[in-house]
Amino acid sequence: MQQLEKRYIKAKQRLFDKIYEAKLNRQQCEAVFTVKGPLLVLAGAGSGKTTVLVNRIAYLIKYGNAYYSDVISEELSEETVSALEEAVNLSEEEINQILPSFICDTCMPYNILAITFTNKAANEIKERIEKTFSDDNLSVSSVNAGTFHSICMRILRKFYDRLGYAPSMSIYDTDDKKRLISVCMKELGIDEKNLPARSVCNEISIAKDKLIGCDEYSKPTDPREERIRSIYKLYEKKLREYNAVDFDDIIMKTVKLLSENEDVLKYYQNKFKYILVDEYQDTNYAQFELVNMLAGGTKNIMVVGDDDQSIYAFRGATVENILGFDKTYPDAKVIKLEQNYRSTENILNAANALIHNNTDRHEKTLWSDKGEGEKINLKEVDDQFCEGKYIIEKISHGVRVDGRKYSDFAVLYRVNEMSRSLETAFAKSGIPYKILGSMRFYDRKEIKDIVSYLTLLVSPTDNLRLKRIINEPKRKIGASTVEAIEQLAEENGTSMYEIISRADKYTILAKSKDKLCDFCNMMESIKASATLPSELLNAIFIKTGYYDMLKAEGFEGEGKISNIKEFISAAIEYEKRCEISGSEITLVGFLEEISLVSDVDKYDGEADSVVLMTIHSAKGLEFPVVFLAGMEDGIFPSVQNLFDPAAMSEERRLAYVAITRAKEKLYITHSKQRTMYGKTERNPLSVFIKEIPDNLFSHESERKIPPRQKSDYQTRPVRQVREKVSDEFTRSPEISTANRGRRGAADYGITKFSVGQRVLHSSFGEGVVLSAKDLGGDVLYEVKFNTGVTKKLMATFAKLKPVRG
DNA sequence: GGGCGTACACTTTTT
DNA sequence: GTGTACGCCC
């Protein structure tokens, strides 16, 4: 007993030390300690939200843990009060006032549910908690931290039978979903010309986000909606048959499970005694319902968010969830965190000025004591290539002169498409860089094919995935055979795989039964050959003939092979991680991970490279130096949204998010002209920049603010800008020799090749130059590659390298 | 059944 | 500009 008490006191002291160390301000402390009842924390950008979440969880564990509970009485001890006084700087009176909400019931780590927006954020919380408790013999790894999707998947898999699913259910991404919708539409005889599958996908997503099932969907008066309804119905039927769920289902089916099964709901309400939801402004209706159901028991729910950072309305998120939290929970306590610990004043003032132009928001103003800091740098460049070169110039200057690391820099943009031109510049510069999100690793065709094989091993009823790979690599199983199999499966009420395994029983399949049999035997032998995901992957890669197929493709196949090898290493890493954490290695687990993990989750801030990503991906991250590229009307804000006030508000919030990612220095670039999607356009400076006061920009900036209503960029003087950029290094790329990066950065220009010379292309491989045509600044080459194909390539794009010998 | 060519769509943001 | 879809021909 005495021993326990000693440990308790020691642990408590250490906790307060930690909090003291974390230098929490008063509002943050209140947010940490107010654990009982509903709590809304309005946390501005960079206001130490994660710190609050971590310390709150730590507090819950320390004070609610049964391990110490023998010595926890109804009230906090005198000692606790004095420790609080010291750490939080509250008066005794204040403490007594709020004391009741500080005391929590028994709480084991697994009683805590923390829902975050990304896996990265969840992992960060887990890691920081584990660090806090590293000295205590307390298993804190059982804290439930994850994204909505990962947490719901865990629930669905546990109670799969209640939903009529098999436990190995697969998760369909946007691409799978679209394919399946197309299949449904074809089956129903609905022409995609009049009703694109894409918009059907969207409509169904919107419905699911609102928890509208196919039976409740729309009144049958509108013919368009009626058609969507029938597609939705068939789509649902197929999903179930294929043992698959789409992203929206993950939430909707969980809500359905909880609302239809009292015992399951009670189980989770009892389990999750304390719930914390991060980025609450980005939750949609289904998620709102889910959280409310789970919190329905104890109502110990804390939500954290910032209405100014709501940027997912397009995905069904409603700010009303956060703005109306006090309506859902009338006794909710509200705490505002307004001190920003991230950015300097100039950056913060710019963000504040910008966001004040939104009328539909809760008034709040972030402040910082970090001092004015450097001014914002605004630069106009000639085109997107100059933009890349300008950014590279600034980065390499920062590294060489200011002693910064490459990882101090981030380049943010509105659309993924922007990464193309930027990548060209970075690739030439030799600066280490990483692009997140443009083409997700798991979206690559070869990876999706291999994943389909893998899925089929655990979920053989998945006809969609089966159809994807039945003839990839080619096995002479053509469309008509596949159709016949599909027909038979339909008639017999079974899966296509089942039909294939009994192919010899059906006369229609007589012609192809040998090939089908081979396919089936191959799958079975793969299944029997290994258990570990990495081994299975390897077996699939070799035994299906996929490797041979890629090998035969030549140069292009090489890249795909290395992608698949990378995929296999990812599986090995997954296995290692499981071993460390003691969790079971399963194929289903691995498949789930690759479906729910995003590029940003894997982004490693430790690696020393510049990172390029969309602003959406950058949410929640921070960088010493941020480049905001493509600040032009039509790009950011996006053309689609220019005339829609609500959408413009969201765009502005997105700009706000972008600016507040920067800690010390913000560069903004815009280009006189820009070629995107094959079209060249001239866009004026973004309206958002015009909303930022002049004095926040450095003298180096070339901002000539035209009158707001007269946004004609052509009348603006641009000469100085031009000279500034081009004098340095961009005017004539081919003669630039300045050494900018460290590794081969001199390679800015276009190397000239002569007819007959051998060259190397990154995707086509080796070839020989047939002709070279000068096109004023660029050169058009005609190259015959070893593969036999002849291509016309622009020198600037092709990045050709000379081949010696 | 497969391969090749051409037409055409598609480009906001993502778990 | 690029990737996919479909149709035509072998």
Side-chain angles (χ1 to χ4, degrees), chain A residues 115-122 146-153 171-175 177-179 182 186 192-193 196-198 202 205 208-209 245-251 279 282-284 286-287 310-317 412-421 424 436-440 442-445 471-483 511-512 515 592 594-601 613-619 630 634-642 644 647 650-651 653-655 657-658 675-680 763 788-789 792-794 797:
Chain A
I115 307 174
T116 59
F117 195 68
T118 60
N119 290 297
K120 190 181 160 65
T147 60
F148 272 101
H149 290 86
S150 67
I151 284 161
C152 288
M153 268 324 284
I171 300 168
Y172 277 8
D173 64 16
T174 324
D175 177 63
K177 181 177 181 178
K178 205 184 139 223
R179 280 166 196 266
S182 291
K186 229 169 246 158
E192 278 196 45
K193 288 245 156 49
R198 251 180 82 92
N202 276 335
S205 264
K208 286 188 175 179
D209 285 346
V245 291
D246 66 23
F247 277 129
D248 312 301
D249 274 339
I250 297 176
I251 314 293
E279 308 279 13
D282 287 325
T283 51
N284 61 34
Q287 292 164 331
S310 160
I311 54 171
Y312 283 100
F314 71 91
R315 209 170 71 184
L412 309 182
Y413 35 80
R414 177 73 229 283
V415 286
N416 270 315
E417 175 68 23
M418 292 256 320
S419 68
R420 283 173 183 276
S421 59
T424 335
L436 300 188
S438 56
M439 176 72 178
R440 253 182 82 236
Y442 296 112
D443 290 342
R444 286 163 213 261
K445 185 191 176 300
N471 204 29
E472 185 79 25
K474 303 274 173 279
R475 319 190 157 84
K476 299 185 186 287
I477 300 171
S480 53
T481 308
V482 172
E483 227 163 85
K511 248 167 78 185
S512 47
K515 293 167 226 152
E592 178 172 322
I594 60 178
S595 311
L596 297 181
V597 159
S598 72
D599 267 6
V600 191
D601 294 328
M613 65 184 128
T614 63
I615 302 163
H616 282 89
S617 303
K619 172 136 186 223
I635 307 283
F636 191 10
S638 160
V639 240
Q640 294 91 322
N641 296 335
L642 277 173
D644 175 354
E650 176 143 322
E651 292 275 322
R653 288 194 291 269
L654 191 60
V657 168
T675 307
M676 260 182 154
Y677 313 123
K679 273 197 205 107
T680 302
S763 49
V789 287
K792 284 185 180 170
L793 303 158
M794 295 294 276
F797 290 97

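Everything quoted here is computed from the prediction, not taken from an experiment. Every chain is numbered from 1, with letters handed out A, B, ... down the list of sequences.
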Once you apply a heavy-atom cut-off of 4.0 Å, does [X] come out as touching a base, just sugar-phosphate, or nothing?
X	result
A/T118	nothing
A/S617	sugar-phosphate
A/K679	nothing
A/F636	nothing
A/S595	nothing

Identify which nucleotide among [options] has an atom closest to any side-chain atom of [X], counting heavy atoms from C-beta outward.
X	options	answer
A/H149	B/dT15, B/dG1, B/dT14	B/dT15
A/R420	C/dT2, B/dT14, B/dG2	C/dT2
A/Y677	B/dT14, B/dT11, B/dT15	B/dT11
A/K476	B/dT15, B/dT13, B/dG1	B/dG1
A/F314	B/dG2, B/dT15, B/dT14	B/dT14
A/K474	B/dT14, B/dG3, B/dT13	B/dG3
A/N471	B/dG1, B/dT15, B/dG2	B/dG2
A/K186	C/dC6, B/dT15, B/dT14	C/dC6

Check: A/E192/A/S182 side-chain N/O donor and acceptor closer than 3.5 Å: yes
[X] side chain N/O closer than 4.0 Å to the phosphate oxygens (OP1, OP2) of [N]?
X	N	answer
A/S480	B/dG1	yes
A/T614	B/dT14	yes
A/N416	B/dT14	yes
A/S598	B/dT15	yes

How close or far is atom [atom2] of [N] from atom [atom1] of [X], stated in whole angstroms?
X	N	atom1	atom2	answer
A/D599	B/dT14	CG	P	10 Å
A/K619	B/dT14	NZ	P	12 Å
A/L412	B/dT13	CG	P	14 Å
A/N202	B/dT13	CG	C1'	12 Å
A/D248	B/dT15	CG	P	13 Å
A/F117	B/dT14	CZ	P	10 Å
A/I615	B/dT14	CD1	C1'	14 Å
A/I311	B/dT15	CD1	P	11 Å

Over-ring placement of A/K177 relative to A/F247, 6.0 Å and 45° cut-offs: no
Pair A/K474 + A/E472, salt bridge at N-O below 4.0 Å: yes
Pair A/D249 + A/K208: basic N to acidic O under 4.0 Å: yes
Non-neighbouring partners of A/D601 that pass side-chain hydrogen bond (donor to acceptor under 3.5 Å, both in side chains), sequence neighbours left out: A/N119, A/S598
Set of ring pair (Phe, Tyr, Trp, His ring centres under 6.0 Å) partners for A/H616, sequence neighbours left out: A/Y312, A/F314
5′-ward residue of the pair A/V600/A/V415 relative to DNA chain B: A/V415
